[in-house]
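Encoded as structure tokens, the structure appears first; notes follow it.
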There are 2 protein chains.
Amino acid sequence: MKLSQGVEWSVHCAVLLAQGPPGTVASRRTLAGFYGLPEAYLAKHLKSLVRSGVLHATSGPRGGFRLARPAAEITVLDVVEAVEGEASAFVCTEIRQRGVCAIPAEQCVRRCTVDRIMQDADDAWRESLRGRTIGEIARGLSPEVRERSRGYLAENRPA
Amino acid sequence: MKLSQGVEWSVHCAVLLAQGPPGTVASRRTLAGFYGLPEAYLAKHLKSLVRSGVLHATSGPRGGFRLARPAAEITVLDVVEAVEGEASAFVCTEIRQRGVCAIPAEQCVRRCTVDRIMQDADDAWRESLRGRTIGEIARGLSPEVRERSRGYLAENRPA
DNA sequence: GTTTCAATACTCGGATAGCCGTTGTCCGAGTGTTCGGGG
DNA sequence: CCCCGAACACTCGGACAACGGCTATCCGAGTATTGAAAC
């Protein structure tokens, strides 16, 4: 089990946008350049963030990406689910109903215990990410870093 | 992000072994037949469980797999980590140290906040799985299921 | 000087190849049984 | 009847293909700018 690399990129990009003034817009070139990431591939993930309603995109000059909501209302889970999907990591295939000792469906009134345990763990994981917001991360960065980020965003702000 | 299918199979197989008397041995053919799983592929995962010290394997006739410890001392996390590995799902590549605004290494005394949040979530996931044991699952099954499992294990017990 | 319009340059979005890991399968090494032969 | 040995059958272990998804990239559609030309 391994998370997509796009998760790290997406969270950092969202945090970068959150460091600027509300409504800050940055093109994918600007975002990719800040972290030294491949621009074309990063675009794929940014597109997912737009589809999920985390970011808002505008075309043309002066266009780019901006946060769709205040940073304090965007959880890390929102970003992760935008990239990885909302599906649980564990999918129960009901193997207890297969094989020579298959349990009849009428005896399967209770959910598979293994499934329940795995889903509980998945819920704990998501709950942990749901409690952290992009705004919280941006606010916790050192003043030097925030200042440098704001400067870069202002420089590369579309005319 | 998707967990390997072997996780479900492995947990169920461990629970099946836990339903029999302590020291119950079952060959991979017996285990695969019980759930209607492809024997050859299941063997791959059972091998991982042996490497991780969850199961103990013996060769030859009357051989097979048995739990390496009492079922109450085997956590679901033990089984999951045996199949999926102990590595965290998130790997921080320190992208803050790359790009045009790279933060110098000397300013990176604190761990990357994003990394810490992702690791916290990963820890919560693992902690949830660490709290559940194979024995607990086996004990919670209905008497009918347990009886049927014990019967199957006794029938296919190596002579 | 003001208005209009067309060319422009920059943006995002979808469609298209490449590589690594999970999936799936096979055959070989090792071991306890067991059956036959000899004492 | 008991002992010995060799063949056997059954087990696990590691090595070898095939598919799917993440990785990586490109080009096309759309839009605000901007500059010049006409009024």
Side-chain angles (χ1 to χ4, degrees), chain A residues 1-10 13 17 24-33 35-66 68 80 82-85 87 89-91 93 95 156-159, chain B residues 1-10 13 17 24-33 35-66 68 80 82-85 87 89-91 93 95 156-159:
Chain A
M1 182 188 59
K2 187 176 172 298
L3 277 169
S4 164
Q5 196 172 15
V7 170
E8 182 183 15
W9 299 0
S10 299
C13 284
L17 286 173
T24 295
V25 175
S27 71
R28 67 190 187 190
R29 172 176 291 271
T30 301
L31 293 171
Y35 292 116
L37 305 175
E39 178 187 344
Y41 186 28
L42 176 64
K44 193 183 188 70
H45 296 300
L46 293 175
K47 189 174 56 174
S48 299
L49 293 171
V50 172
R51 267 201 230 108
S52 302
V54 174
L55 296 184
H56 180 79
T58 54
S59 292
R62 298 183 57 95
F65 297 91
R66 65 171 171 81
V80 173
V83 177
E84 288 288 330
F90 181 84
V91 283
T93 61
I95 67 173
N156 296 90
R157 184 173 152 193
Chain B
M1 181 189 60
K2 188 176 173 296
L3 277 168
S4 165
Q5 197 171 16
V7 170
E8 183 183 15
W9 300 0
S10 299
C13 284
L17 286 172
T24 294
V25 174
S27 70
R28 67 189 187 192
R29 172 177 291 271
T30 300
L31 293 171
Y35 292 115
L37 305 176
E39 179 186 343
Y41 186 28
L42 176 64
K44 195 183 188 68
H45 296 299
L46 293 174
K47 189 175 56 174
S48 298
L49 292 171
V50 171
R51 267 200 231 110
S52 301
V54 174
L55 297 184
H56 181 80
T58 55
S59 292
R62 298 182 59 96
F65 297 92
R66 65 171 172 82
V80 173
V83 177
E84 289 289 329
F90 182 85
V91 285
T93 62
I95 67 174
N156 294 89
R157 186 174 152 194

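Owing to the predicted nature of the structure, the values given are computational and were not obtained by experimental measurement. Because only heavy atoms are used, hydrogens play no part in the values below, and waters and symmetry mates are left out as well, while side chains stay in. Each chain gets a letter, A, B and so on, in the order its sequence line appears, and its residues count up from 1.
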In whole angstroms, the gap separating C1' of C:dC12 from CZ of A:Arg66 amounts to 14 Å
Q. What nucleic acid atoms does A:Ala57 come within less than 4.0 Å of, heavy atoms only: base, sugar-phosphate, or nothing?
A. sugar-phosphate
Here the distance between atom C1' of C:dG14 and atom CG of A:Leu46, to the nearest Å, is 15 Å
- Item | Crowding at CZ, A:Arg66 (>12 non-hydrogen neighbours, <6.0 Å) | yes
Residues passing the ring-ring contact (aromatic ring centres under 6.0 Å, His included) test with B:Tyr35, sequence neighbours excluded, are B:His12
By side chain to side chain contact (heavy atoms under 4.5 Å, CB included), B:Thr93 pairs with (sequence neighbours left out) A:Gln5, A:Glu8, B:Ile95, B:Arg98
Expected rows: protein N/O vs nucleotides 29-31 of chain D N/O, under 3.5 Å:
unit_1: D:dG30; atom_1: N2; unit_2: A:Gly60; atom_2: N; d: 3.4

- Query: Please walk me through it: do A:Glu84 and A:Val7 pass side chain to side chain contact (heavy atoms under 4.5 Å, CB included)?
  - Reply: CA-CA 8 Å; A:Glu84 288 288 330; A:Val7 170; 3.7 Å; yes
Between CZ of B:Arg62 and P of C:dG32 the distance, given in whole Å, is 11 Å
Between CZ of A:Arg29 and P of C:dC10 the distance, given in whole Å, is 9 Å
Rounded to whole Å, NE2 of A:His56 lies from C1' of C:dG13 at a distance of 14 Å
The reported gap from CG in B:Leu55 to SG in B:Cys13 (rounded to nearest 0.5 angstrom) is 8.5 Å
| query | Got a donor-acceptor pair under 3.5 Å from the side chain of B:Arg28 to the base of D:dG13? | reply | yes
Between CG of A:Leu42 and C1' of D:dC26 the distance, given in whole Å, is 16 Å
When rounded to whole Å, the NZ to P distance for the pair A:Lys47 and D:dA24 reads 16 Å
For A:Val25 and A:Gly63, the nearest pair of non-hydrogen atoms, with its separation, is CG1-O, 3.6 Å
With B for base contact, S for sugar-phosphate-only contact and - for none (protein heavy atoms under 4.0 Å), nucleotides 16-24 of chain C reads -------BB
Which pairs of donor and acceptor atoms, one on a side chain in residues 38-54 of chain B, lie under 3.5 Å apart (sequence neighbours left out)?
unit_1: B:Tyr41; atom_1: OH; unit_2: B:His45; atom_2: NE2; d: 3.4
unit_1: B:Ser48; atom_1: OG; unit_2: B:Lys44; atom_2: O; d: 3.4
unit_1: B:Ser52; atom_1: OG; unit_2: B:Ser48; atom_2: O; d: 3.1

